[in-house]
Structures are given as structure tokens and as C-alpha cells.
Amino acid sequence: MAWNSNLRWRLPLTCLLLQVAMVVLFGVFARYDLDADAHWRTEKQRRNVSSDLENEFYYRYPSFQDVHVMVFVGFGFLMTFLQRYGFSAVGFNFLLAAFGIQWALLMQGWFHHLEDKYIVLGVENLINADFCVASVCVAFGAVLGKVSPVQLLIMTLFQVTLFSVNEFILLNLLEVKDAGGSMTIHTFGAYFGLTVTRILYRPNLEQTKERQSSVYHSDLFAMIGTLFLWMYWPSFNSAISYHGDSQHRAAINTYCSLAACVLTSVAMSSALHKKGKLDMVHIQNATLAGGVAVGTAAEMMLMPYGALIVGFFCGIISTLGFVYLTVRPPSLHKVLQTTCYVLRPPCCRWGG
Amino acid sequence: MAWNSNLRWRLPLTCLLLQVAMVVLFGVFARYDLDADAHWRTEKQRRNVSSDLENEFYYRYPSFQDVHVMVFVGFGFLMTFLQRYGFSAVGFNFLLAAFGIQWALLMQGWFHHLEDKYIVLGVENLINADFCVASVCVAFGAVLGKVSPVQLLIMTLFQVTLFSVNEFILLNLLEVKDAGGSMTIHTFGAYFGLTVTRILYRPNLEQTKERQSSVYHSDLFAMIGTLFLWMYWPSFNSAISYHGDSQHRAAINTYCSLAACVLTSVAMSSALHKKGKLDMVHIQNATLAGGVAVGTAAEMMLMPYGALIVGFFCGIISTLGFVYLTVRPPSLHKVLQTTCYVLRPPCCRWGG
Amino acid sequence: MAWNSNLRWRLPLTCLLLQVAMVVLFGVFARYDLDADAHWRTEKQRRNVSSDLENEFYYRYPSFQDVHVMVFVGFGFLMTFLQRYGFSAVGFNFLLAAFGIQWALLMQGWFHHLEDKYIVLGVENLINADFCVASVCVAFGAVLGKVSPVQLLIMTLFQVTLFSVNEFILLNLLEVKDAGGSMTIHTFGAYFGLTVTRILYRPNLEQTKERQSSVYHSDLFAMIGTLFLWMYWPSFNSAISYHGDSQHRAAINTYCSLAACVLTSVAMSSALHKKGKLDMVHIQNATLAGGVAVGTAAEMMLMPYGALIVGFFCGIISTLGFVYLTVRPPSLHKVLQTTCYVLRPPCCRWGG
């Protein structure tokens, strides 16, 4: 039986095929980082480090778990605000992220260990893989309800690959200074999602517009996603900063920027509404812009007021963009809404 | 156009004004703590500290994130149990907390650095700001559905100010020994909320009583809030304890008190119901009393059984209070219910 | 009034009785571990340890909080997928876990301190108590909707006792090497739940079958449980591993196994559905099998591909089991479904 001829077998075979490929590639290429290897203890004695705490695990693991929650609960539930897709949003996000992190570990590993025999995996790699997948989640937000799981898996395969190539070119070849988040990588994630939506765009999709209305309970579920993204963003921006003061400063800056962003988002959302009411979709999305925007510079000596200023303008611009780019003529509606959505949220970064 | 004459512009202008004020005040007064400053590395060498881990960040950051979740998800969703206000509860809680943490950083900072030129911010300040905002969240629970966002922002402004003044008088001037939570500060938060409700109390509000009924899904959302508050309370009570055994002990004591409180709350809730059934509102609220009550003494050598005894009586008293103070004559109904609610949950503390 | 004659007083009296017993037993037997005791600072100086960070608290507390979330939010909400029982699921799970952790602290403590006067409690004990309660939560999943709160408390009392006895016999008497999770302990948890269901099984319960249908919002709530279990499983498997590389490796192995498991679960769920659709109940449950299966060996040098292979087969076997063991003749339906459910999820382990 040809698998293409029978739609029913596509998803199972794609999943199994991809997973078998992962097993083989991990078998050939992936080993443990020294900090996760049984030889670490010997090495530690050799280097005369006295404490078990001097393992990368204790510097990064709490932040890793926060980022992990952002990818799976944060992005998953953020998208439940579209009533009809609530369920697919969480489920498909789970599927693509589970595949994406495996493929990102390999792709990012290859580019980072070009001349080594093996990729070595530690907690920092897990964080970077989650970052890369976050950019896929953003693009997923743009295509939600328009694609099948198989298409999503293929999109993930391509996006993670291009993400890693782009990252390698910028950081290693062009030697762009890209401390923390990096606008370039954020923008990459955004434009990838936009491009996919353009390709998939068909006029008759307008007919399904009413499916995008949000309802009470869906909004509360979406708030779960929003809040976990908002609360854990300081971990996102500080997860792979240098040890010590850099990690500390990145967390404080992000905290300040996010707080300022909430107030200006609320202000703009209310000002732009005819009756001065708040639109929950603005709040759910614009409040996160502060985290994205401060990402690039989070570990710099911005000063708390610098971070507040970033958040201040982010909340305004993001809400303005959301409102004015989405009320234009219907034929452009979907694409622009997508752009707007995509240009807002977070992506990914590669540090260390 | 005079902004007072036009209701519509009140919220946007209040938000923008407050946020601009925050930016200016942070610009004039706030700088990084040494542990979050780029000079930390030099200072570390001078002090001959060998490890990057000796940064306050690694002692406190995981607890900070837990407290952050309690303030935004915990308190936000706890209040969704009022069916009609579910959405406002989460959204307004988000708004007031985002403003409150900024203002608390300043107010608490000024009182702590009376003779310094600058306030210096580190992870401990972020935790203390979250504590202060938690007391505002409690008062918010008392006025939910009765106030506009603008009123909430003004209430936050006043409460955070008074909180900091009260804290300064008690801890610095009267030199009250107030390890950990402190009954005095808890009580402050409670009575503030009560006072606001008294001021806002109007008899015709009784008519909206049916809006306070809870429904199935609202209750499940409220359980999300309850559980995150309950689970992370050990982090709340240990977040700013002294390093080492004090932090460890505070977490264990709170864990024990909370566990005991669940059983006695269930016992009382069932005993006080005509048919022996459980009232979910009791469970959602009384179970948290154990965390509040043990707060003051959490880092003392209470012994595990001491903590259990605290939780034991808390569950009983809190449920009794909830039941007997809320079935009295209608005219007193609202105020008493508020008292009861307010006297129960948590507040804030200032340690270190 | 005889308490047996009046059903209404059963629950309050059981709760109060159990809690009083806990207070007395903790008073007689439980004290703080040295790391949580005020004498720790002296002891530290004697041992010439320079840093406060060398307290077990900083090694284990973030993992403890993750495990705590798994037990209360993870298991609680996982079971809301049964529409009618959503509320009882979360509430009763809360009650039994709050009692279970106290009793587990005592039982596990007695077996670990057979010749000492006191049980000493530290963060590692709290984690082990959560592990033990997780096995009760699994069994609870099997009896949900068939038992009263009083029966649940009694079941918890027995299961925690037997769990600790079983653990003692295997680890201390038979000296079974049981690094990490341990299949034996997992299996214990599973068969206990199965046995209870057999005892409680009555044919007429089939009539209530329609109550087990799941609905849209219940499924979204259940996904909250699933995702928190899935995301925090690396913490579960690494929480009580040896310091340093073991803990690091256990987290990486679990992460890999879980990711692989998602893809093969989706593949099998879709392949076994007549129209190739996904069954959310499979995804919600089978994806967790990867965490259980890798538990025993999580801190061994499995290599990342080894962990992927474990997850690969787990996803397949678990979904197959779920489908083929639940469509048999109605009389066996409940028991088998239970087995299947019970044999899947996680349990408990005892390390260190």
C-alpha cells in the first residue's frame, strides 16, 4: 500500500519515520556533556573544584523548567482563545514541540560542534532547543486551524533547520554581536510564520472567520497561557546568560519591562475602544511584547528605568499594531492579522 | 478636553500617567544591587569568593518565581469562583499587580535606603514587592465587582504606600521582632481591605448577590488558583529567610502546617453542612489559612508537630469563621463576608 | 451518639482523628534534619564547609516544588477528563494527598531510622513522601467515582503503609538494586489500585458508564494535568538522584524519553482510529509512559539514544494496551480499563 494514496496512514507513518530517524541520528551523533557524564566527578577532582554545586545543572535547571512550561503550557494555552481550535491548539502544539526539541538538539548541536565527532548534550542545550521550538510555536499561532498535523511536523522540520542555519550565519560567520534574545532571530521567527501563512492563504478562508471569535471560558484558558508566559519571561531572558550578575540583571530588566508593558497595553486598549472597554486579546498578547523587546539587551546595564522605557513603548506600539493592522479590507485581513500576531510574540535566542 | 469630564479617557490617562511617573522615579532613584551589577565580578574577587553561585540570585530566584506564580495565577484564579467576575478577576488582578510591584519597589526601597542616594534592586526586592502586592490582592478580593480599574489603581497606590509606612514604623522605629510573615502586617492587609469595602458599601449592592453564586467550571478554575497558592506557600514563607537552615526549616514548617490544615478544613466544612457535604468555597479558602498562620514563625524551631498544631487549629477556626460570620442579617452580610474573607488569606512580610 | 450510626459524622470524625494521630506521632517521633536545624551553622563550621549553599535545600528544593505540582495539579487535573467527576477528582485528590504525605513522612521515616530515637525530616523526605503519594494518586484514578472520601482516606492509610513495607523489604532486606524509579515499586502501585478496584467492583456499576464520557472543557482541564506531569517529569526522575552529574543525566534521559513517547503515542493513536483521528485520552495518558519507563534507569549512562528508544516503545505499547484492553466484553470492561490505566502512569521511587 502506497502511503501517499491513503490519507489515513500519513500521520502515523510520518511520526514513526521521524522518530526512527531521531533515534538513529542521536545514536550516531549525540552523547552527554561532561557535566552530565559519569566521568564528571573525576574531572572535577582534577580541576580541584570542591563542590557538587559547580555543575551547570544547578545554575540553569530551574530556569530550564520555567522555559519548558512557557513552551508547552504558555504557548499551548495562549492559542486556546480561538474557541473552535482550543483543543487542537494545545494538542498540536504538544506534538510539534516534542518533535521540534529533538530536531533542534541535533541541528544546533551540529553547528556548534562542527569539528567534533559528537554533539554533547547538557542542560544549556535543552534550553536552546526550547528557545528554537518557541519560534516554531509563534509561527504555529499564525497557521492554526489551516494546517494538518503532518503539515505542522514538516513545517517544524524546515523551520528548525532554517533557524539553526540563520543562527550559525549571524553568530559565527558574520560575528554579529547578539547578546541575549537578538532582534534578528526574533524577526526570523516572525517572518517564517508570515511566509508560511502567505503560502497557505486562500481567499475562501475568510468564510471561517467566525470561528475565530473567542468565548468566556476559552478566554480564561488563554489567560493561563498568557500568565505563564508573562511570569516566566524573566527566566526565558536569563536562562542562558553568563553566570552571576548577568543572569541576575537579565531577570530584573525583563521583570521591569514586562510590568511597564501591562500598563501601557491597558491604556492603549482602552483608548482605542469606542466605549473605553478593554479587549482581552490585546492584553493577552501585547503584555508579552515587553519581554520580547527587552530580550536582546536583557543582560546589558540598561538600568531599571531603561527597561521600563522599553516596556512602555512596546505596550503602545504592539497594541496600536494589533488594532490598526487588523481592521483593514477583508482580503488583506488574515495576512495582516498574522503579521501582527507574529511580529509580536517571542522567539528564540542563542547565547553563551 | 478636560479628562475628568470624559469618563472614557480616565483609564488610559491614569495608566499612562502612573507609568510615566514610574519611569521618571526609577530613573532618578533606582539602580542595580551589587549582585546584579557588572562590577560584581570585581567585587567578588576582592572579597575572595571563588564561586559564581555565591550570588543572591541562586539562593532566591526559584522561590521568587514561585511567589510570582502565586500573585498572578494564584490570586487571579482564586477569585474566578465568582461566576460573573471570573474574567475581571484575572485581568484586573494582572493590572493592579503589574503597577503595584513597581510602586512597591520604590516605596520599600526608599524606607530601606533612607540615607542613600539610590535604591538598589536585587532579587530580594522583587520578592518583597510581590509580597506587598499580595496584600493588595487580598483587599482586591474584598472589593471585586464593586470597583472600576481606575479605582483599583488608586487603591493600589494608597495601599502600597500605607503598607510600606506601616512596615517601616513596626520594624525600624518600634523594632518589633517580626520574623517572617508577621501577624501585624497580615492584619494590616486585612483591615485595609475591610475599610475600603466599608467605604464602598451601599445597601443596594445586595441586589447583585446572586452574581456571587459559583458554577462548575468557575470552581475548577478557582481550584487552579487555590492549588498554586497552596503548593507554593512553602516558597512564600521561606523566600526571604536567612540562607541555609532557616530557609530549609521555613519550607518544612509551612509544608506541615498546610497539610494539617486541609484535613481539619474538610472536617469542619463537612460537619457544618446539613447533609455532611463539602463546600468547595471552604476548601478553597480555609486550606490556605495554615500558610498564613505559620508565616510569622515559619523559620523558628517550631518542630514539625508544632507546625501541624498551627495548621490543625487554623483549618478549624477559619472554616468556623467563614460559616458563622456569613449567615447573619443581610445588612451586615457583605461587610462581614468581606472581613471573613480578608481575615483569612495571606498577605505579606518583610524579612532580611 | 455512636459515630458509626450516623453517616453524617463519619468524614469529620475520620479527618479529625487522623489529624490528631498525626500531631501526636509527629510530636513523639519527628524532628528536623541537621540541614534544617538551627545547629546546622555550627556543624558547618566544624566540617569547614564555607558556603551556605552546601545545604541539601539548594540541591533539591526546585525539584521538590516541581514534584509537588505534579502530585496536586498534575494528578488532580489529569482525572478531570471524566466529566461528572471533575470536581471530586481535584478535591479528593487534594484531601488524600494532604493526608498521605504526612503518613508517608512517618512510615518511610520509621523504616529509614529503625535504630534511631527520632525520624529526621529534610527536603529529601518531603520528595519521597510526594513520590509515595503519587502511587496513591494512581490507584485513586482507578477508583474515582466509586468511593467516598472516608474510603479514600482509609485506602491511603493502607497503601502508604504497604508501600513503605514493600520498599523496605526490597531495598533493605533483599538488597535489590533499584536505582531511581524501580519497576517493582511502579508495579506495586499499579497492582494495589487494581486490587482495590476488584474488591469494589459491582456489575451494576456498568450503568454509570455514560458518566465517563469526556467533554470539551473537561478535556482542556485534563490537558493542564497532563502537561504539568509531562513537563516536570525530568524533575520527578532526578529529584533524589546523587548530586551533580547523576541528577543532570537523569533529567536529560527523562526529557529525551518523554519527547520520543509523544510521537509514537500520536502515531499509534491515529493508526488505531478508524478514520485516522487522534484520541485525546490516549495522548493524555500514553505520553506519560515514557517518564515512568525510564524512571528505573534514569541516572544510568543510557545515552540519549537509549532514552529515545525507551520512549519510542513505551508510546507504542502503552497506546496498544489502552486500546486493546478496553474494548473487550462489558463485564470485564471496568476492571481491564483500570488495569490498563493503572499499569500506565507513574508511581514512586525511593533513592539515595
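Order of the sequence lines sets the chain letters (A, B, ...), proteins ahead of strands, with each chain counted from 1.
- Of all the heavy atoms in C:Y305 and A:V23, the pair that sits closest is CB-O, 3.8 Å.
- Contact detail for C:G244 and A:N55: the closest heavy-atom pair is C-ND2, 3.4 Å.
- Ranked by non-hydrogen atom pairs under 4.5 Å with chain A, the options C:I309, C:D66, C:I283, C:L258 are led by C:D66.
- Side-chain polar atoms of A:Y61 and C:S63 form no donor-acceptor pair below 3.5 angstrom.
- Proximity to chain C (any heavy atom under 4.5 Å) is shown, for A:Q19, by both the backbone and the side chain.
- The choice from C:T264, C:L272, C:N253 that makes the most heavy-atom pairs within less than 4.5 Å of chain A is C:N253.
- Within the 4.5 Å cutoff, the side chain of A:V123 has no heavy atoms near those of the C:I252 side chain.
- When heavy atoms are compared at a cutoff of 4.5 Å, A:V20 approaches chain C by way of both its backbone and its side chain.
- Note on A:L105, A:L16, A:L53: by heavy-atom pairs under 4.5 Å with chain C, the leading option is A:L53.
- Looking at heavy atoms from C-beta onward, C:M223 lies out of side-chain contact with A:V73 at the 4.5 angstrom threshold.
- We find the CZ-CE distance between A:R31 and C:M301 to be 9.5 Å, quoted to the nearest 0.5 Å.
- The two atoms that bring A:A30 and C:P304 nearest to each other are O-CD, 4.0 Å, heavy atoms only.
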- prompt: When you look at A:L95 and C:L278, which way does the side chain to side chain contact (heavy atoms under 4.5 Å, CB included) test go after all the steps?
  reply: CA-CA 11 Å; A:L95 175 64; C:L278 294 173; 5.6 Å; no
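- Enclosure of atom NE2 in A:H113 by more than 12 non-hydrogen atoms of other residues, nucleotides or ligands within 6.0 angstrom is indicated.
- Of the residues considered (C:S246, C:S270, C:G306), C:S270 shows the highest number of contacts with chain A, using heavy-atom pairs under 4.5 Å.
- Residues C:W233 and A:H68 place their aromatic rings such that the two centres sit no closer than 6.0 Å.
- When side chains are defined from C-beta on, A:Q65 counts as touching C:P234, because their heavy atoms get closer than 4.5 Å.
- A 4.5 Å side-chain heavy-atom check between A:F72 and C:T226 finds every atom pair outside the cut-off.
- Heavy atoms only, all atoms of each residue included: A:A98 and C:L263 are closest at C-CD1, 4.0 Å.
- A 4.5 Å side-chain heavy-atom check between C:Y232 and A:V69 finds at least one atom pair inside the cut-off.
- With values rounded to the nearest 0.5 angstrom, A:D130 atom CG is found 10.5 Å from C:M231 atom CE.
- Separation of the C:F221 and A:F221 ring centroids falls under the 6.0 Å cut-off.
- Put simply, CG on A:D35 and CZ on C:R249 are 11.5 Å apart, with the number rounded to the nearest 0.5 Å.
- Nearest approach of C:H243 to A:D52, heavy atoms of both residues: CB-OD2, 3.2 Å.
- Here the two rings, on A:F228 and C:F228, have centers that are under 6.0 Å apart.
- Under the 4.5 Å side-chain criterion, counting only non-hydrogen atoms from C-beta, C:L308 is in contact with A:Q102.
- Considering all non-hydrogen atoms of both residues, C:D245 and A:A38 come closest at OD2-CA, 3.4 Å.
- The contact between C:Y255 and chain A is made entirely by side chain atoms (from C-beta outward), counting heavy-atom distances below 4.5 Å.
- Ring centroids of A:Y58 and C:Y58 are separated by 6.0 Å or more, keeping the two rings apart.
- Sparse packing is recorded around CZ of C:F313, with 12 or fewer heavy atoms of other residues, nucleotides or ligands lying under 6.0 Å away.
- For C:I224, the parts sitting under 4.5 Å from any heavy atom of chain A are the backbone and the side chain alike.
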task: Check step by step if ring pair (Phe, Tyr, Trp, His ring centres under 6.0 Å) holds for A:Y32 and C:H248.
output: CA-CA 10 Å; A:Y32 296 120; C:H248 200 155; 8.8 Å; no
